[in-house]
Amino acid sequence: MQATPPNSITLPQFSLAFVTFGVLLVLALIWPETTLDDVDLGRTKATIWVTSLMLLPSLALYPYRTLSQGMANVVHLFWTFAYLLFLVHAYWAVFVIFNGVKDTFVQMGIPIASINFLLVILWGFDVLLLWFVPSRSPAAARFQIAIRTLTFLIFVITLLFLRGGPVHILGIIFAAVILLSLAIRLWVRERAVQY
């Protein structure tokens, strides 16, 4: 098992991820202006929803990253831009909804706030390593898989069990698409080994 760091990113690859990021960010910031009374809370919710949408292709395509460098590049770009959207969400939650880090722990509770801050740190560390210390080592691959698995679990638990309404449907789609993608990749790999 080897990591596949980004390399020779093309303009179409970058544009696909960047334009998706830009559209989702604009939607997350403008939508609450037109539909909700509490704009700040709406932006906090909308930014985590769009983070989920940006994260979806990254996690669903991650098992296929070894098929080509282009696939790996797209996966890593979506992963990175999803992290930037997550940082916007974290900023809005911590500094706009709550009154800083200390109040976040008080309002959310120590377990949930700790998990959220841990995700900010570990995901950020992974993004920094990905772009500034690219490695093909098995250790880098294991770290990437661990961080992506943790991120997937946190998002699925949050979307499916800690939120209701339409977000619950997003959680079902999020989990189903990623798990189906992984299952297909494992099935194809198993069939390839048999022949």
Side-chain angles (χ1 to χ4, degrees), residues 1-28 47-91 118-156 158-159 170-195:
M1 170 175 43
Q2 279 191 316
T4 49
N7 189 14
S8 303
I9 293 173
T10 64
L11 182 60
Q13 293 165 354
F14 181 80
S15 298
L16 176 64
F18 182 72
V19 169
T20 304
F21 163 79
V23 168
L24 290 175
L25 180 60
V26 167
L27 287 174
T47 52
I48 199 63
W49 298 342
V50 297
T51 299
S52 301
L53 293 174
M54 190 81 185
L55 189 57
L56 182 59
S58 174
L59 294 178
L61 296 174
Y62 188 75
Y64 302 91
R65 74 199 178 284
T66 57
L67 295 179
S68 74
Q69 186 61 53
M71 178 66 74
N73 290 345
V74 168
V75 165
H76 296 318
L77 285 164
F78 270 82
W79 174 253
T80 302
F81 282 115
Y83 178 68
L84 294 178
L85 287 171
F86 188 65
L87 286 179
V88 173
H89 166 74
Y91 168 81
L118 179 67
L119 184 59
V120 167
I121 292 165
L122 290 177
W123 192 350
F125 186 61
D126 181 62
V127 167
L128 289 174
L129 287 177
L130 189 62
W131 294 100
F132 296 109
V133 190
S135 172
R136 293 192 175 277
S137 75
R142 285 191 295 275
F143 181 73
Q144 288 176 3
I145 290 168
I147 297 304
R148 282 155 181 77
T149 302
L150 175 69
T151 303
F152 170 76
L153 291 173
I154 290 171
F155 271 76
V156 165
T158 301
L159 294 170
L170 175 60
I172 292 168
I173 294 168
F174 184 84
V177 167
I178 292 167
L179 291 174
L180 180 62
S181 173
L182 179 60
I184 290 169
R185 180 65 173 143
L186 292 173
W187 181 73
V188 167
R189 184 179 295 163
E190 180 66 27
R191 291 192 45 94
V193 169
Q194 290 177 355
Y195 295 105

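Basis for what follows: all heavy atoms, side chains included, without hydrogens, waters or symmetry-related copies.
- Under the side-chain contact (heavy atoms from CB on, under 4.5 Å) criterion, Leu67 pairs with Tyr64, Arg185, not counting sequence neighbours.
- Checked by atom type and distance alone, the side chain of Tyr83 pairs as donor or acceptor with a backbone atom of Val120 at under 3.5 Å.
- Expressed to the nearest 0.5 Å, how far CG of Leu77 lies from CH2 of Trp131 amounts to 4.5 Å.
- Counting only heavy atoms from C-beta outward, the side chains of Val88 and Leu84 never approach each other to under 4.5 Å.
- Considering Leu180, Ile184, Ile178, Leu186 as possible partners of Leu182, the one that fulfils the side chain to side chain contact (heavy atoms under 4.5 Å, CB included) test is Leu186.
- Atom CG of Leu130 and atom CD of Gln144 lie 5.5 Å apart (nearest 0.5 Å).
- Note that CD1 of Ile9 is 8.0 Å distant from CZ of Phe14, once rounded to the nearest 0.5 Å.
- Counting only heavy atoms from C-beta outward, the side chains of Leu153 and Thr149 approach each other to under 4.5 Å.
- Counting heavy atoms from C-beta outward, Leu16 and Phe81 have side chains that stay 4.5 Å or more apart.
- Taking both residues in full, the closest heavy atoms of Ser58 and Val75 are given as OG-O, 3.2 Å, listed atom of the first, atom of the second, then distance.
- Side-chain contact between Thr151 and Leu119 is present, with at least one heavy-atom pair separated by less than 4.5 Å.
- Taking OG1 from Thr47 and CG from Leu87, the interatomic distance works out to 10.5 Å, rounded to the nearest 0.5 Å.
- Taking each heavy atom of Thr51 and Ala82 in turn, the nearest pair found is CG2-O, 3.5 Å.
- Atoms CH2 and CG, from Trp49 and Leu170 in turn, are 9.0 Å apart once rounded to the nearest 0.5 Å.
- Scanning both residues, Phe78 and Pro57, for their nearest heavy atoms gives CD2-CG, 3.5 Å.
- When all heavy atoms of Pro5 and Ser135 are compared, the pair lying nearest together is CD-O, 3.6 Å.
- The distance from atom CZ of Phe86 to atom OG of Ser52, rounded to the nearest 0.5 Å, is 9.5 Å.
- Put simply, the residue from Leu55, Leu61, Val74 that forms a side chain to side chain contact (heavy atoms under 4.5 Å, CB included) with Trp79 is Leu55.
- Without hydrogens or angle criteria, Thr80 side chain to His76 main chain gives a donor-acceptor distance under 3.5 Å.
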